[in-house]
A.B. asks: 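So that we are looking at the same thing, I have put the structure below in structure tokens.
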Amino acid sequence: MTKKYAEYKGLDMPNVAQVVLDKWKKEQIFEKSIETRAGNKPFIFFEGPPSANGLPGIHHVMARSIKDIFCRYKTLKGFQVKRKAGWDTHGLPVELGVEKELGITKEDIGTKISVEDYNQACKEAVMRYTDIWNDLTTKMGYWVDMEEPYITYEPKYMESVWWLLGQLHQKGLMYKGYTIQPYSPAAGTGLSSHEINQPGCYRDVTDTTIVAQFKVASGSNSPFEGGEFNANTYFLAWTTTPWTLPSNTALTVGSKIEYVLVKTFNQYTYEPIEVILAKNLVNYQFSKGFLAVTAEEELNQYEKGAKTIPYFIKGECLGKDLIGIKYEQLLDFCLPAENPDKAFVVIGGDFVTTEDGTGIVHTAPTFGADDARVANEAGVPGMLVHDDKGNLVPLVDLQGKFRSEMGEFAGMYVKNDYYKAGEAPEKSVDVQIAIKLKTENKAFKVEKYVHNYPHCWRTDKPVLYYPLDSWFIKVTDVKERMIALNNTINWKPESTGSGRFGKWLENANDWNLSRSRYWGIPIPIWTSEDKSESICISSVEQLKAECEKAVAAGLMTENPFTAFEVGNMSKENYAQIDLHKNYVDLITLVSPSGKPMKREADLIDVWFDSGAMPYAQWHYPFENKELIDGHQGYPGDFIAEGVDQTRGWFYTLHAIATMVFDSVAYKNVVSNGLVLDKNGQKMSKRLGNAIDPFTTLAKYGPDATRWYMITNAQPWDNLKFDLDGITEVQRKFFGTLYNTYSFFSLYANIDGFDYSEADLAFEDRPEIDRWILSKLNSLIQEVETSFEQFEPTKAGRLIQDFVTNQLSNWYVRLCRRRFWKSDDAKDKLSAYQTLYTCLETVAVLGSPIAPFFMDQLFQDLNAVTQRHDVTSVHLANYPKVQLSHIQVDLEQQMEIAQNISSLVLGLRKKERIRVRQPLQKIMVPALNETFVKNISHVKDLILSEVNVKELELLAEDNSVLVKSIKPNFKTIGPKYGKLMKAISNTVANFSADDILFIEKNKGWKGEIEQESVTLDLEDFEINAQDIPGWLVASEGGLTVALDITLTEELKAEGIAREVVNRVQNLRKDSGLDVTDRIALKIDTNDFIKSAILANERYICSEVLAEKVEFISLNEEALLTEIEAEGDTKIAISK
RNA sequence: GUCAGUAUAGCUCAGUUGGUUAGAGCACACGGCUGAUAACCGUGAGGUCCUUAGUUCAAAUCUAAGUACUGACACCA
């Protein structure tokens, strides 16, 4: 043998990772793992792009481990797994970060700083932490192509996105609309829902709320009593935002809700009024200070100013009867600029409830999303007026102030929070409006109310819902198709797909694509000033041609794409162009009729960027067309991200794929849960409980970290991350595996085992070898199934159980002697081959999860044997399961051995008889033939394991056994369900004779509760329970009796074993080599001496001595205890 | 507030189509091993299977309601 198995001084997992990492880099193992699979079936993986704008956290290690595991596994299975890294580079977080650093606000962009400089700053900022990310990727062992990542700000990427938008435009799925969006006047920017949902953004605030009285217009017919309404009839509508009342243009009712007409008095003016509200809410609105009366006449007794106001319910109708009734404008500062005649009318809406308020919803289409929707459907205009430029604007400007139309309120901020400190008026707009309404007999009730309201995370001030002009994608048109396609996707866990994602699809709204920002992909639409003509650009080539036309038409002096060579896909060619806002906004195009066209000012939602990555990463369709069209790189076989991406990336991928390609974007998706701290709290810098991934990897190594994360909890469950857990994994799993390997290498090196001999036939190997190989093949099969089902946790736990419990604790422990003391060459060879195979297989099976450690293990083994023609486990193939080696009876036998041993050891423990003391006999009841066969196979094993000399099987009819009987509920249940309890009672009272009878007659017949019952033998569970007079233990149907009589002979043997134990310790302490022969001198009493003499040959062979010499020894000898303290002295020498 | 997910030993987690003694590891206690040794092994104690009601002969498991934690969604006026 030329090479030896590497031996290590200790287990240093961070070091293992470092060494293996260097090798991977030097030998380009990652690249090879893809190259060597060339021509094979691809396994298509999509990398969700992180933003290098922030630092990576421990949860990224989790998410990326999952991705890495399946890509590595599929590589083992022979697939070619290309994985391109990616960077998400656009978006608000980047912009806000840059604004903060430069000390500017959004308004300064374009004035204090040019858009060009600003975008340049963003571009630099966004890739700031690239190196740190790459470092983490490398150190944690995440294999992904970082050399050629896709970057969303690159011109090629942006061009593909434009192409996708062009497709949507062509299909008529894009439109421009006016919608209500969260807007922060203080920050001067719209907010995404993502920002609104930052922790702490929703806060309880106390607002002034008003139940306002909207006067029914004269001449309307009353559905309550027929005829016209009385002149003093009002609709009651509640609002928590009184500042929106001047913008009211409709009232919304639920068509199926019951409403009543109530005659009463206004509590502020004491005027007689009749009000309309939902029947269910009468008690709620008339709770304090009101009293119901049963006759209308009683109202006449009311005196102005009295504390209790009577009310009387005059009539009832359904909401649908109210629809169409007109009412007088509540606060008539101005009228809507468009269709004012259609305003101030009752309309229907499905969102109306009777949980609070009045069942009639004050509707201000300019400040409420639902409001805008129902008003639009009913043809009711919003309160929009013309500004000085003739644009339609709401009554509140972008700073959050009332416009000049608002009379005495003009110029006031609608919320006191928007004033600078100290400048806010004593009475807010809301309060002033309340006072005004009270005095005008238009307020039914004014109250303070606590509710949850979103705040801007930057300014801490409340958000306004404000109408903004936006581009939308008509997702609602393809909703059904999206749902159908989603049903073909394999979600892990299933509930995320059908539940969270499915429900989300069912309620999908149109996708608001617009962002009024600077750093992102511009919407490629150019429109003429009168909006009559527009063009959607979907390639640089097209834009260049359009520019050419514009130059010809004299709208531009030169074509900015002159240098760009159409059709040239080289980096250099694309490096000369930039499609960001600061460039494309300079371009004016010409319409077919010769009008100039300017670009729409907005950028697109960054989520579109990432959802476009399957195509844009390959610059599709301008390059790599066959990759997508030929299904070589699309759709994805597998993606994995955090569950927070459900409505993010998972959604945008799915939406774009459905709309543009009528396809799923991915076939399998794993959504992993959160990584919490060990107490289940969310990790955050603020709480100081965030775990730094780098220090963790440095301290514990990536393998233990990954193994812990994967095996501790299912990926989709939240992980309570506890560093002690990694330590445990390290010790328990890797420590054991390392020890097993060390044991193997130690002896394999001594014996020169290099697997050059042919494999011994499975049948020729000893029972225990066949057993562990059976277990191993079961493992191969089960791990494969787990990985195939995207269940990495199961796979890891299976491997861990095999290594620690089966291989190390049972196989190796029982087989140790075969490695160092066997004279049977064939037996030894079988042991080596078997253990080697186990270790090698474990290395492959575990390599997706622990890529470094398993690679070292694999290479250490393979370096000597060269059984695999590869230099890394990641280039190997997944082992083929040998079904014929899986032998259930063998596994059962060993289970019996393990269980009986455990029982005997338990008995010894109870009686305080150490295992070193041999005992004479155990008895086990023979339950049936199979059991007899099985146990006889493992008899010797049990005896040596528990240090007993004989095992006796008690035949079934042996009278010493006391048996117990139990009904088998599982088999009887379906037959005699209702009688179960009675049967159970009957069986419990069976005597030993009854049991014997049942066994002889293979069943039982009788009458229970007047019904005849026939039971087979298998309807009973008969177990041996006790052997009178013996020490007995039983568990799970197994019973063992132990003879604890100690004869002189046994005692002597026990003493001999104690002596061996002491001598071995002494050898070790004296630093002797395992092969050194010794001279053994003992000084002890006569009893022990005779015991030693009786077992001299055994002792000598164990400790490698010629003979035992009995002489008196001095203090230098080891003073020890065999039976009593200090009864023996032992000395050894070479 | 709405909708999901989770709830099993002190801690982290298993628990088969519902079947009668609910398991493992860690930690703890006690013991053992010592030719794998800064390892390791065995034994033991430790449970209101979140609560309540229901379905069933039988519920940790199925159903409903509630509680707690986590998440997603939400200007429900």
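Naming: A, B, ... by sequence-line order, numbering from 1 per chain. Worth knowing before you read on, the calculation uses all heavy atoms, side chains too, and leaves out hydrogens, waters and symmetry mates.
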A.B. asks: What class does the angle between the rings of A:Tyr8 and A:Tyr741 fall in, given that below 30° is parallel, 30 to 60° is tilted and above 60° is perpendicular?
C.D. replies: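 A:Tyr8 vs A:Tyr741 ring planes: tilted.
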A.B. asks: Just to confirm, is there a sub-4.0 Å distance from OP1 or OP2 of B:U34 to any side-chain nitrogen or oxygen of A:Asn1061?
C.D. replies: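 Indeed, a polar side-chain atom of A:Asn1061 lies that close.
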A.B. asks: Would you mind reading off the distance between A:Glu1009 atom CD and B:C57 atom P, rounded to a whole angstrom?
C.D. replies: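 After rounding, the reported distance stands at 13 Å.
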A.B. asks: Can you see if the side chain of A:Arg816 gets near the phosphate of B:A36 - specifically, an N or O under 4.0 Å from OP1 or OP2?
C.D. replies: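 The answer is yes; a side-chain N or O of A:Arg816 sits under 4.0 Å from OP1 or OP2.
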A.B. asks: When all nucleic acid strands are considered with a 4.0 Å heavy-atom cut-off, which category describes A:Gly368: base, sugar-phosphate, or nothing?
C.D. replies: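 Base contact.
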A.B. asks: Within this structure, what is the CG-to-C1' distance between A:Leu746 and B:U37, rounded to whole angstrom?
C.D. replies: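 Atom CG in A:Leu746 sits about 12 Å away from atom C1' in B:U37.
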A.B. asks: Got more than 12 heavy atoms from elsewhere within 6.0 Å of CD, A:Glu7?
C.D. replies: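 Yes - once you tally the heavy atoms of other residues, nucleotides and ligands closer than 6.0 Å, there are more than 12.
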A.B. asks: Restricting to salt bridge (Lys or Arg N to Asp or Glu O under 4.0 Å), what partner residues turn up for A:Lys492, sequence neighbours left out?
C.D. replies: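 Salt bridge (Lys or Arg N to Asp or Glu O under 4.0 Å) list for A:Lys492, sorted by chain: A:Glu791.
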A.B. asks: Whether the side chain of A:Ser808 and the base of B:A36 hold a donor-acceptor pair under 3.5 Å is what I'd like checked.
C.D. replies: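 Per atom types, the contact qualifies.
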A.B. asks: Can you tell me the distance, in whole Å, between the CG atom of A:Leu798 and the P atom of B:A14?
C.D. replies: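 In whole Å, B:A14 P lies 13 Å from A:Leu798 CG.
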A.B. asks: Reckon A:Arg813 touches a base, only the sugar-phosphate, or nothing at all at heavy-atom distances under 4.0 Å?
C.D. replies: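 The residue A:Arg813 makes base contact.
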A.B. asks: Mapping A:Thr736 and A:Tyr976 to their closest nucleotides on RNA chain B, which lands nearer the 5' end?
C.D. replies: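 Upstream on the strand: A:Thr736.
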A.B. asks: How close or far is atom C1' of B:C76 from atom CG of A:Asp371, stated in whole angstroms?
C.D. replies: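 Checked: the CG to C1' distance equals 10 Å.
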A.B. asks: In chain order, what residues pass the ring pair (Phe, Tyr, Trp, His ring centres under 6.0 Å) check against A:Tyr738, with sequence neighbours excluded?
C.D. replies: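 Partners of A:Tyr738 under the ring pair (Phe, Tyr, Trp, His ring centres under 6.0 Å) test: none.
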A.B. asks: Determine the Euclidean distance between corresponding P atoms of B:G5 and B:U21; express it in Å to zero decimal places.
C.D. replies: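 Their P atoms lie roughly 32 Å apart.
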A.B. asks: Can you confirm whether or not the ring centre of A:Tyr466 sits under 6.0 Å from the ring centre of A:Tyr183?
C.D. replies: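 Ring centroids of A:Tyr466 and A:Tyr183 are less than 6.0 Å from each other.
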A.B. asks: If you look at every strand shown and take non-hydrogen atoms under 4.0 Å, does A:Thr740 touch a base, only sugar-phosphate, or nothing?
C.D. replies: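 It contacts base atoms.
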A.B. asks: Determine the contact category for A:Gly735: base if any of its heavy atoms lies under 4.0 Å from a base atom, sugar-phosphate if only primed atoms, P, OP1 or OP2 are that close, otherwise nothing.
C.D. replies: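 Contact class for A:Gly735: none.
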A.B. asks: Where does RNA chain B pair, written as one dot-bracket string 5' to 3', with Watson-Crick or G-U pairs under 3.5 Å, ( ) inside the strand, [ ] for crossing pairs and | for another strand?
C.D. replies: (((((((..((((.....[...)))).(((((.......))))).....(((((..]....))))))))))))....
A.B. asks: Are any protein N/O atoms closer than 3.5 Å to N/O atoms in nucleotides 58-61 of chain B? If there are, list each pair with its distance.
C.D. replies:
none

A.B. asks: Considering residues at least two apart in sequence or located in another chain, which fulfil the ring pair (Phe, Tyr, Trp, His ring centres under 6.0 Å) criterion with A:Tyr651?
C.D. replies: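 Once residues adjacent in sequence are excluded, the partners of A:Tyr651 under the ring pair (Phe, Tyr, Trp, His ring centres under 6.0 Å) criterion are A:Trp504.
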A.B. asks: Could you check whether A:Val643 gets within reach of a base, just the sugar-phosphate, or nothing at all, counting any heavy atom under 4.0 Å?
C.D. replies: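 Touches nothing.
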A.B. asks: Let's see if you can work this out: which of B:C75, B:A36, B:G42 has an atom nearest to the side-chain heavy atoms of A:Asn809?
C.D. replies: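 My answer, after comparing the listed nucleotides, is B:G42.
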A.B. asks: Round to the nearest Å and state the distance from A:Gln800 atom CD to B:C13 atom P.
C.D. replies: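 A:Gln800 atom CD is separated from B:C13 atom P by 14 Å.
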A.B. asks: Between the protein and nucleotides 24-30 of chain B, which nitrogen or oxygen pairs are less than 3.5 angstrom apart?
C.D. replies:
{"unit_1": "B:G25", "atom_1": "O2'", "unit_2": "A:Glu728", "atom_2": "OE2", "d": "2.8"}
{"unit_1": "B:C26", "atom_1": "O4'", "unit_2": "A:Glu728", "atom_2": "OE2", "d": "3.3"}
{"unit_1": "B:C30", "atom_1": "O2", "unit_2": "A:Lys909", "atom_2": "NZ", "d": "2.6"}

A.B. asks: Please give the distance between the P atoms of B:G47 and B:A9 as a whole number of Å.
C.D. replies: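 Comparing P positions in B:G47 and B:A9 gives a spacing of 10 Å.
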A.B. asks: Using a heavy-atom cut-off of under 4.0 Å over every strand shown, decide if A:Asn712 touches base, sugar-phosphate, or nothing.
C.D. replies: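 Counting heavy atoms under 4.0 Å across all strands, the contact made by A:Asn712 is with sugar-phosphate only.
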A.B. asks: Base, sugar-phosphate, or nothing: which does A:Leu979 touch, judged by heavy atoms less than 4.0 Å apart?
C.D. replies: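 Here A:Leu979 touches no strand at all.
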A.B. asks: Can you identify which nucleotide, out of B:C75, B:A36, B:G19, has its nearest atom closest to the A:Tyr465 side chain?
C.D. replies: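 Selected nucleotide: B:C75.
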A.B. asks: In terms of side-chain geometry, is the basic nitrogen of A:Lys448 or A:Asp207 positioned less than 4.0 Å from the acidic oxygen of its partner?
C.D. replies: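 Looking at A:Asp207 together with A:Lys448, the answer is no, because their closest N to O distance does not fall below 4.0 Å.
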A.B. asks: A:Lys794 or A:Ile180: which one's nearest nucleotide on RNA chain B is closer to the 5' end?
C.D. replies: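 Per heavy-atom nearest nucleotide, the more 5' residue is A:Lys794.
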A.B. asks: Quick check, are the ring centers of A:Tyr5 and A:Phe744 under 6.0 angstrom apart?
C.D. replies: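 Distance test on ring centres: under 6.0 Å, yes.
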A.B. asks: Assign A:Gln714 to base, sugar-phosphate, or nothing according to its heavy-atom contacts below 4.0 angstrom with the strands shown.
C.D. replies: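 If one applies the 4.0 Å heavy-atom cut-off, A:Gln714 turns out to touch the sugar-phosphate alone, with no base involved.
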A.B. asks: What interatomic distance, in whole Å, is found between P of B:A64 and the corresponding atom of B:G46?
C.D. replies: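 My reading of the P atoms in B:G46 and B:A64 gives 36 Å.
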A.B. asks: What integer number of Å spans the C1' atoms of B:U16 and B:A59?
C.D. replies: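 It comes out at 15 Å once rounded to the nearest Å.
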A.B. asks: Using a cut-off of less than 4.0 Å, is there contact between a side-chain N or O of A:Lys978 and OP1 or OP2 of B:C57?
C.D. replies: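 Yes, A:Lys978 has a side-chain N/O under 4.0 Å of OP1/OP2 on B:C57.
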A.B. asks: If you only use heavy atoms from C-beta on, which nucleotide in B:C13, B:G71, B:U21 is closest to the side chain of A:Lys966?
C.D. replies: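 Within the option list, the nearest is B:U21.
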A.B. asks: Between A:Phe743 and A:Phe819 (judged by ring centroids, cut-off 6.0 Å), do the two rings come close enough to count as a pair?
C.D. replies: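 For A:Phe743 and A:Phe819, the ring centres are under 6.0 Å apart.
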A.B. asks: Take atom P in B:U2 and the same atom in B:A65, then report the distance between them in whole Å.
C.D. replies: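 Taking atom P in both B:U2 and B:A65, they lie 12 Å apart.
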A.B. asks: Check residues 719-732 of chain A and write down every donor-acceptor pair under 3.5 Å in which the side-chain atom is one partner and the other belongs to a residue at least two apart or another chain.
C.D. replies:
{"unit_1": "A:Asp722", "atom_1": "OD1", "unit_2": "A:Asp724", "atom_2": "N", "d": "3.1"}
{"unit_1": "A:Thr727", "atom_1": "OG1", "unit_2": "A:Leu723", "atom_2": "O", "d": "3.2"}
{"unit_1": "A:Gln730", "atom_1": "NE2", "unit_2": "A:Tyr700", "atom_2": "O", "d": "3.4"}

A.B. asks: Any side chain to side chain donor-acceptor pair (under 3.5 Å) involving residues 974-985 of chain A? Give me the pairs, sequence neighbours left out, ordered by first then second residue.
C.D. replies: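 Residue pairs with at least one partner in residues 974-985 of chain A: A:Lys975-A:Asp1019.
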A.B. asks: What integer number of Å spans the P atoms of B:A74 and B:C69?
C.D. replies: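 B:A74 and B:C69 have their P atoms separated by 22 Å.
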A.B. asks: A:Lys970 has a side chain; which of B:C73, B:G19, B:A36 sits nearest to it?
C.D. replies: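 Among B:C73, B:G19, B:A36, the one nearest the side chain of A:Lys970 is B:G19.
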A.B. asks: Between A:Ser742 and A:Ser745, do the side chains contain an N or O donor and an N or O acceptor separated by less than 3.5 Å?
C.D. replies: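 Judged by distance alone, the side chains do not pair up.
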A.B. asks: Only counting residues at least two apart or in another chain, list the ones meeting salt bridge (Lys or Arg N to Asp or Glu O under 4.0 Å) with A:Arg373.
C.D. replies: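 Here the qualifying residues are A:Asp350, A:Asp370, A:Glu377.
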A.B. asks: Not counting sequence neighbours, which residues clear ring pair (Phe, Tyr, Trp, His ring centres under 6.0 Å) with A:Phe367? List them please.
C.D. replies: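 For A:Phe367, the residues satisfying ring pair (Phe, Tyr, Trp, His ring centres under 6.0 Å) (neighbours in sequence not counted) are A:Trp243.
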A.B. asks: Give each protein N/O atom lying under 3.5 Å from an N/O atom of nucleotides 2-11 of chain B, with the pair distance.
C.D. replies:
none

A.B. asks: Could you tell me whether A:Asn739 contacts a base, only the sugar-phosphate backbone, or nothing, with contacts defined as non-hydrogen atoms closer than 4.0 Å?
C.D. replies: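 Base contact.
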A.B. asks: If we ignore angles and hydrogens, is there a donor and acceptor under 3.5 Å between the side chains of A:Ser808 and A:Thr736?
C.D. replies: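 Checked: A:Ser808/A:Thr736 side chains show no N/O donor-acceptor pair below 3.5 Å.
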A.B. asks: Side chains of A:Asn248 and A:Tyr327: donor-acceptor distance under 3.5 Å anywhere?
C.D. replies: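 Result is yes, a qualifying pair exists.
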A.B. asks: Who are the ring pair (Phe, Tyr, Trp, His ring centres under 6.0 Å) partners of A:Phe650, not counting sequence neighbours?
C.D. replies: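 Residues passing ring pair (Phe, Tyr, Trp, His ring centres under 6.0 Å) with A:Phe650: A:Trp491.
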A.B. asks: Find the distance A:Arg1057:CZ to B:U34:C1' and express it as a whole number of Å.
C.D. replies: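 Nearest whole value for this atom pair: 14 Å.
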A.B. asks: Across the strands shown, which category fits A:Ser742 at heavy-atom distances under 4.0 angstrom: base, sugar-phosphate, nothing?
C.D. replies: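 The residue A:Ser742 makes no contact with any strand.
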